[in-house]
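Since we're looking at a predicted model, the values are computed, not measured. Heavy-atom basis, side chains included; hydrogens, waters and symmetry copies ignored.
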Amino acid sequence: ALLVGAALGRSLAWGWGMPAVAVHHMEAHLLAPLLEQPAPEFPFLALLVSGGHTQLVTVARPGVYRIIGETMDDAAGEAFDKTASLLGLDYPGGPALEKLALTGHSGRFEFPRPMVDRPGLDLSFSGLKTFAANACREHAGADLQTRADLALAFQEAVVDTLVIKCRRALRQTGYRRLIVAGGVGANQALRAGLREMARGEGAELYYPRLEYCTDNGAMIAFAGCLRLATGARADASFNVRARWPLSALTEMDIDVARYLPR
């Protein structure tokens, strides 16, 4: 998929006589909250939480990123999708599980909060996914209320874990701004939990509108626009990168405010 997309994009650029710019997918997610008003000012702490990534990143300046915590195994979004599938929900599982959890009764089931009692900012969701799988199998064929209770218990565990880690990261870094991006960032329970936490910590919380949380063209165009403004150009020969660390990106020495939507 990466090769097909890159080949098509490069071919269009060549045919139209326009420059091509390589865009880092997770940088695009990270910058998506800047599409909103008011946009967060630098520096800030970022929670990138999606189907493939769960990372805590310090953003000192545009293009200057340092991962200070990340999942050691499965991403939060992957755990959402897997648990939703076990509950008999359609893909994508995250929104379906969130909707089912709205009718759940809190307290009936207790799921673990992985790694919150350990020091540091790394996360893990494989154990939680296994716990959810065992609970779902134990209650296979259960009524809709039981499934809703399981969905809520799982969602509460993920939200609590992410909130605890974000609070710890804010305290360790001293940053007063937290942005949330990625598909799981659309989850309203997560937003509510982070909003309450940020208020208690005296921090500001930013996130993009729902349609900019999941993969979208606007965030890719914005990230590409900023890179283009720095003079970035891709030559005719190209290779895609399935693995591209955020920390390997170069600083963007530009006034980002000039490129924010009005």
Side-chain heavy atoms of Lys99 within contact of Leu89, under 4.5 Å: no
Inspect the surroundings of CG in Asn134 and state if more than 12 heavy atoms from other residues, nucleotides or ligands are less than 6.0 Å away. yes
Test log, rule ring pair (Phe, Tyr, Trp, His ring centres under 6.0 Å), inputs Phe42 and Phe44: CA-CA 5 Å; Phe42 296 90; Phe44 54 75; 5.1 Å; yes
Least distance between heavy atoms, Lys165 atom then Met115 atom: NZ-O, 3.1 Å
With distance as the sole test, does Asp74 use its side chain to make a donor-acceptor pair with the main-chain N or O of Ala79 at under 3.5 Å? no
Assess the residue pair Arg176 and Glu204 against the criterion (salt bridge (charged side-chain N to carboxylate O under 4.0 Å, His left out)); give the C-alpha distance rounded to whole Å, side-chain angles, the decisive distance to 0.1 Å, and a yes or no. CA-CA 6 Å; Arg176 295 294 89 196; Glu204 298 173 336; over 6 Å; no
Compute whether any side-chain donor of one residue and acceptor of the other, for Asp215 and His25, lie under 3.5 angstrom apart. yes
When you measure from the side chain of Arg147 to the backbone of Leu87, do you find a donor-acceptor pair of N or O atoms at a distance under 3.5 Å? yes
Glu196, CD: over 12 other non-hydrogen atoms inside 6.0 angstrom: no
Donor-acceptor check, side chain of Arg113 to backbone of Phe111, threshold 3.5 angstrom: yes or no? yes
Any chance CH2 of Trp244 has more than 12 other-residue heavy atoms, nucleotides or ligands included, within less than 6.0 Å? yes
For the residue pair Met252 and Glu27, what are the closest heavy atoms and their distance? CE-OE2, 3.5 Å
No-hydrogen, no-angle side-chain donor-acceptor test under 3.5 Å, Asp143 and Thr146: yes
For Ser106 and Glu156, run side-chain contact (heavy atoms from CB on, under 4.5 Å): C-alpha distance rounded to whole Å, both residues' side-chain angles, the deciding distance at 0.1 Å, then the answer. CA-CA 9 Å; Ser106 183; Glu156 288 176 338; 2.8 Å; yes
Roughly how far, to the nearest 0.5 Å, is CD1 of Ile220 from SG of Cys225? 13.0 Å
List the steps and the verdict of side-chain contact (heavy atoms from CB on, under 4.5 Å) for Asp253 and Thr230. CA-CA 7 Å; Asp253 188 17; Thr230 66; over 6 Å; no
Chi angles and distances behind the ring pair (Phe, Tyr, Trp, His ring centres under 6.0 Å) call for Tyr212, His29: CA-CA 8 Å; Tyr212 290 168; His29 272 302; over 10 Å; no
For Ala84 and Leu97, the nearest pair of non-hydrogen atoms, with its separation, is N-CD1, 3.9 Å
Taking Gln37 for the side chain and Pro261 for the main chain, is one N or O donor matched with an acceptor at less than 3.5 Å? yes
Just checking, any donor-acceptor pair under 3.5 angstrom between side chains of Thr54 and Glu70? no
Is it the case that more than 12 heavy atoms not belonging to Arg209 sit under 6.0 Å from its CZ atom? yes
Is a side-chain donor or acceptor of Asp122 paired with a backbone partner of Thr71 at a separation under 3.5 angstrom? no
For Gly183 against Thr214, the heavy-atom pair lying closest together: CA-CG2, 4.1 Å
Rounding to 0.5 Å, atoms CG (Leu31) and CE (Met26) come to a distance of 11.0 Å
Rounded to the nearest 0.5 Å, what separation is found between the CG atom of Leu86 and the CG atom of Leu150? 10.0 Å
Working for side-chain contact (heavy atoms from CB on, under 4.5 Å), residues Val256 and Ile254: CA-CA 6 Å; Val256 172; Ile254 57 172; 4.3 Å; yes
State plainly whether one hydrophobic cluster holds both Leu170 and Ile67, where clusters connect Ile, Leu, Val, Met, Phe, Trp and Tyr through side-chain heavy atoms under 4.5 angstrom apart. no
What verdict does the side-chain contact (heavy atoms from CB on, under 4.5 Å) test give for Arg191 and Cys213, after you've listed the backbone C-alpha separation in whole Å, the side-chain angles of each residue and the deciding distance to 0.1 Å? CA-CA 12 Å; Arg191 291 190 176 202; Cys213 286; 3.1 Å; yes
Do you see a donor-acceptor pair shorter than 3.5 Å between the side chains of Asp73 and Ser124? yes
Could you tell me whether the side chains of Arg227 and Thr250 share a donor-acceptor contact shorter than 3.5 Å? yes
Under 6.0 Å between ring centres: does that hold for Phe154 and Phe80? yes
Heavy-atom pair with the smallest gap, counting every atom of Pro112 and Leu128: O-CD1, 3.6 Å
Hey, quick one: are Leu47 and Val64 part of the same hydrophobic cluster, counting side-chain heavy atoms closer than 4.5 Å, chains of contacts allowed? no
Which heavy atom of Asn187 sits nearest to which heavy atom of Val159, and what is that distance? OD1-CG2, 4.4 Å
